[in-house]
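Report on the following structure.
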Amino acid sequence: MTESAETRQDAPGPARDGSGEAPQDPAPAGSPERGTRERRRLGYGEGREALLRAAVRVVGRRGLRHLTYRAVAEEAGVTHGLVVHHFGSRDALIEESLAHAIRVSLSSSLLEPGTGRPEDFVAGLTEMVEEDADGQAYQYELLLEARRRPELLPQVRELYEEYFGASRRELDRILPQGASPALNRVVFAALDGLVLHQLTGIADRADTEAGLAELRSLLRLLGGQPAAERD
């Protein structure tokens, strides 16, 4: 990937690591800097996942340009060196945090409950937006950054292909005739917009629920189900 303004060096200076940050001597014991944030030891197998969650929170709250080793270390409450050890480069940190975001989003099975019932489709979406606001904001941040940095497009497309696949499989269960790629994209775009509006405060939870009720009603009509089954 190309370097961001945050990581670019235009003149000689101190040696920098993959995050673009100049190494700093550790603060002496008892100093104010060391006291501002206690470092903690992560359990075996916990480290990488904890750092990925911290990376998602950093991007969701502050934007992708603030994603550095040091910011992730501070968010996770661990040493800067531990982040370097696990990821080695900022690009690797971005790629792995995106893969983590995909896993978390799809694990809830909101898009693919597997029942073929319209009322189960994306059930719990409003709660997901509230409980995982940083994770959702992270994905939109990456989407916007890909417009400025085309090298990020493959990761973003991978994210959306995962979503498109899950939604189409569930729509194929709901609709006897199945869902065309265009219909699938229209349905997912509606869901994406509802999430974005609730996340940014353009709409509230009640607005999202009302929109979902209308979407499910449309799916029932397309599937030939009686109108009496509407929410």
Nearest-0.5 Å distance, CD of residue Q136 to CG of residue L125 = 8.0 Å
ask   = Mind checking whether L215 and L191 have side chains closer than 4.5 Å, heavy atoms only?
value = yes
key: Exercise: identify the closest heavy-atom pair between L64 and R90   = O-NH2, 2.8 Å
inquiry  = Is it the case that the side chain of N184 and the backbone of L171 share a donor-acceptor pair, with hydrogens and angles ignored and the cut-off at 3.5 Å?
reply    = no
task = Nearest 0.5 Å please: distance from the CG atom of L175 over to the CG atom of L221.
result = 11.0 Å
request  = Rounded to the nearest 0.5 Å, what's the gap from CG on L52 to CG on L98? Could you check?
outcome  = 10.5 Å
ask   = Below 4.5 Å, heavy atoms only, C-beta onward: do V72 and L93 meet side chain to side chain?
value = yes
request  = Determine the minimum heavy-atom distance between T115 and E170, stating which atoms define it.
outcome  = N-OE2, 3.4 Å
query = Between Y163 and E158, is there a donor-acceptor pair closer than 3.5 Å when you use the side chain of the first and the backbone of the second?
reply = no
key: Closest non-hydrogen atom pair between R168 and P181, with its separation   = NH1-CG, 3.3 Å
ask   = Looking at side-chain heavy atoms only, is the closest gap between R48 and E96 below 4.5 Å?
value = yes
ask   = With the threshold set at 4.0 Å, does a side-chain nitrogen-carboxylate oxygen contact exist between R103 and E49?
value = yes
ask   = Could you give the distance from CG (D207) to NE2 (H197), rounded to the nearest 0.5 Å?
value = 10.0 Å
query = Are any side-chain N or O atoms of D172 and backbone N or O atoms of A179, one a donor and one an acceptor, separated by less than 3.5 Å?
reply = yes
request  = Could you tell me which non-hydrogen atom of Q177 sits nearest to which non-hydrogen atom of L222, and how far apart they are?
outcome  = NE2-O, 3.4 Å
key: Pair Y140, D192: side-chain N/O donor-acceptor within cut-off below 3.5 Å   = yes
note = Note: A92 and F87 closest approach over all heavy atoms is CB-O, 3.4 Å
ask   = Could you state the interatomic distance from CG (L153) to CG (L143), rounded to the nearest 0.5 Å?
value = 9.0 Å
remark   = dist E141:CD -> H66:NE2 (nearest 0.5 Å) comes out at 9.5 Å
request  = Examine distances only and state if a side-chain atom of R216 and a backbone atom of F121 form a donor-acceptor pair shorter than 3.5 Å.
outcome  = yes
request  = Evaluate salt bridge (charged side-chain N to carboxylate O under 4.0 Å, His left out) for E75 paired with R53, printing each intermediate quantity in order.
outcome  = CA-CA 9 Å; E75 178 65 31; R53 291 193 297 270; over 6 Å; no
query = Can you tell me if Y138 uses its side chain to pair, donor with acceptor, with the backbone of V58 under 3.5 Å?
reply = no
inquiry  = I'd like to check E127 versus R205 (side-chain heavy atoms, cut-off strictly below 4.5 Å). Are they in contact?
reply    = yes
query = Any idea which heavy atoms bring V156 and L142 closest together, and the distance?
reply = CG2-O, 3.8 Å
More than 12 heavy atoms of other groups within 6.0 Å of R157 CZ = no
key: Note, D134 side chain near R61 side chain (heavy atom, < 4.5 Å)   = yes
key: Check against side-chain contact (heavy atoms from CB on, under 4.5 Å), V78 and L51   = CA-CA 9 Å; V78 300; L51 294 175; 3.6 Å; yes
